[in-house]
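The structure appears right after this line, and notes come after that.
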Amino acid sequence: MEKEDPNIYFVTGNIHKFNEIFNLFSKENMKYNLKRKDLETIEIQTTDLKKVALFKLNSIKGQINGSYFIEDAGFFVDTPLNGFPGVYSSYVMETIGNRGILRLIDDFNMTKAHFTSVIALYFKPLDKNLFFEGTVQGKLSKAMIGSRGFGFDPIFLSNEIPNKTFAELTIEEKNKISHRGRAWSKFIEFLRKNS
Ligand code: IMP
């Protein structure tokens, strides 16, 4: 019988995401060690975040022996941008960035925004793909504030901590309420039950 791999691999090139998840993982008494692997993944363009995550997960099939997961997130400005940039978040961040998003807004009193995170896990012991989703609701900050975090963090104010952008929070504070933190809680719950 093949020996079980003691590691679980988070496939990501984003060190901020890894640090957030590592911080949560290190609070658990799991039988796995969390490792980062930076592999080439394929990201398709569709409006369904879960489909993007599944395709990404399948694009690394066969390259890792044990269990592994990827995480895919999107930033949605529901009011007034009807969910833009959503699944195009990476491209928008690389092109117009936070400053460009803020320029699209006329009335900051009316904004609504959310982040959604999907963790897609290939769980070797069950030979199965599993998904864990998390969302955080909030609004846009009028200006970019804070130097922590990454991506859209400087312009997002959550409903839970409306006076600080995500970029002003510590990793622990962000993890407690964030899309990724919430997806992660479901993931951990599954691992607890299945290992
Ligand atoms: P992806 O999941 O790496 O494809 O993320 C899409 C885009 O959203 C990238 O530009 C990320 O920088 C941004 N993003 C993902 N997660 C977060 C977050 O927790 N805070 C701020 N921006 C994020």
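Counting convention: from 1, in listed order, for ligands and their atoms alike. The residues of the chain are indexed from 1 along the displayed sequence. Basis for what follows: all heavy atoms, side chains included, without hydrogens, waters or symmetry-related copies.
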If you look only at distance, which donor and acceptor atoms sit under 3.5 Å apart when one is on a side chain in residues 145-158 and the other is two or more places apart or in another chain?
{"from": "Arg148", "atom 1": "NH1", "to": "Glu168", "atom 2": "O", "distance (Å)": "3.2"}
{"from": "Asp153", "atom 1": "OD1", "to": "Lys174", "atom 2": "NZ", "distance (Å)": "3.3"}
{"from": "Asp153", "atom 1": "OD2", "to": "Phe150", "atom 2": "N", "distance (Å)": "3.0"}
{"from": "Asp153", "atom 1": "OD2", "to": "Lys174", "atom 2": "NZ", "distance (Å)": "2.9"}
{"from": "Ser158", "atom 1": "OG", "to": "Ile161", "atom 2": "N", "distance (Å)": "3.0"}

Which ligand 1 atoms, with their elements, are less than 4.0 angstrom from a heavy-atom of [X]?
| X | value |
| --- | --- |
| Met93 | 10 (O) |
| Asp72 | 2 (O) |
| His179 | 16 (N), 17 (C), 18 (C), 19 (O) |
| Phe115 | 17 (C), 18 (C), 20 (N), 21 (C), 22 (N), 23 (C) |

Checklist entry - Under a single-linkage definition using a 4.5 Å side-chain heavy-atom cutoff for Ile, Leu, Val, Met, Phe, Trp and Tyr, are Phe190 and Met30 assigned to the same hydrophobic cluster? => result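 Yes, Phe190 connects to Met30 through the hydrophobic network.
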Please list the nearest protein heavy atom to [atom] with its residue and the distance rounded to 0.1 Å.
| atom | answer |
| --- | --- |
| atom 1 (P) of ligand 1 | Lys17 NZ, 3.4 Å |
| atom 4 (O) of ligand 1 | Ser90 OG, 3.3 Å |
| atom 8 (O) of ligand 1 | Phe152 CE1, 3.6 Å |
| atom 7 (C) of ligand 1 | Ser89 CB, 3.5 Å |
| atom 14 (N) of ligand 1 | Phe150 CE1, 3.7 Å |
| atom 16 (N) of ligand 1 | Arg180 NH2, 2.7 Å |

Checklist entry - Are any of the N/O atoms in Ala73 less than 3.5 Å from those in ligand 1? => result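 So ligand 1 has an N or O lying under 3.5 Å from an N or O of Ala73.
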Item to check | Non-neighbouring partners of Lys56 that pass salt bridge (Lys or Arg N to Asp or Glu O under 4.0 Å), sequence neighbours left out | outcome: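 Testing Lys56 for salt bridge (Lys or Arg N to Asp or Glu O under 4.0 Å), a comparison that skips the adjacent residues, returns Glu43, Asp72.
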Checklist entry - What is the distance from atom CG of Asn194 to atom CZ of Phe123, rounded to the nearest 0.5 Å? => result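 One gets 5.0 Å once the value is rounded to the nearest 0.5 Å.
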Checklist entry - About how many Å separate CG of Asn23 and CD1 of Ile171, when rounded to the nearest 0.5 Å? => result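 It comes to 5.5 Å.
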Checklist entry - Would you say the ring centroid of Phe69 lies under 6.0 angstrom from that of Phe187? => result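 Distance test on ring centres: under 6.0 Å, yes.
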Next on the checklist: I'd like to know if His16 contacts ligand 1, where contact means a heavy-atom distance under 4.0 Å to any ligand atom.
Outcome noted: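 Contact check His16 vs ligand 1: negative.
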Item to check | Heavy atom of Phe166, distance to ligand 1 below 4.0 Å | outcome: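 In this structure, Phe166 fails to qualify as a contact of ligand 1 - no heavy atom is under 4.0 Å.
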Next on the checklist: How close do Val52 and Ile44 get, counting heavy atoms only, and between which atoms?
Outcome noted: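 Distance-wise, the nearest heavy atoms are CG2-O, 3.8 Å.
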Next on the checklist: Ignoring hydrogens, what is the shortest heavy-atom contact between Leu140 and Thr111? Give both atom names and the distance.
Outcome noted: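 Result for this residue pair: N-OG1, 3.1 Å.
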Item to check | Proximity of Lys174 to ligand 1 by residue part, where a heavy atom lies under 4.0 Å | outcome: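 It is the side chain that touches ligand 1; the backbone stays farther off.
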Checklist entry - Should the proximity of Glu94 to ligand 1, defined as any heavy atom under 4.0 Å, be assigned to the side chain, the backbone, both, or neither? => result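 None of Glu94 does.
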Checklist entry - Given Asp153, Ile155, Asn14, Leu49, which has its nearest heavy atom closest to atom 21 (C) of ligand 1? => result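 It is Asp153 that holds the nearest heavy atom.
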Item to check | Check ion pair Glu189-Arg192 (N to O, under 4.0 angstrom) | outcome: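 Yes, charged N to carboxylate O under 4.0 Å.
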Item to check | No-hydrogen, no-angle side-chain donor-acceptor test under 3.5 Å, Glu71 and Ser117 | outcome: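 Indeed, the side chains of Glu71 and Ser117 share at least one donor-acceptor pair under 3.5 Å.
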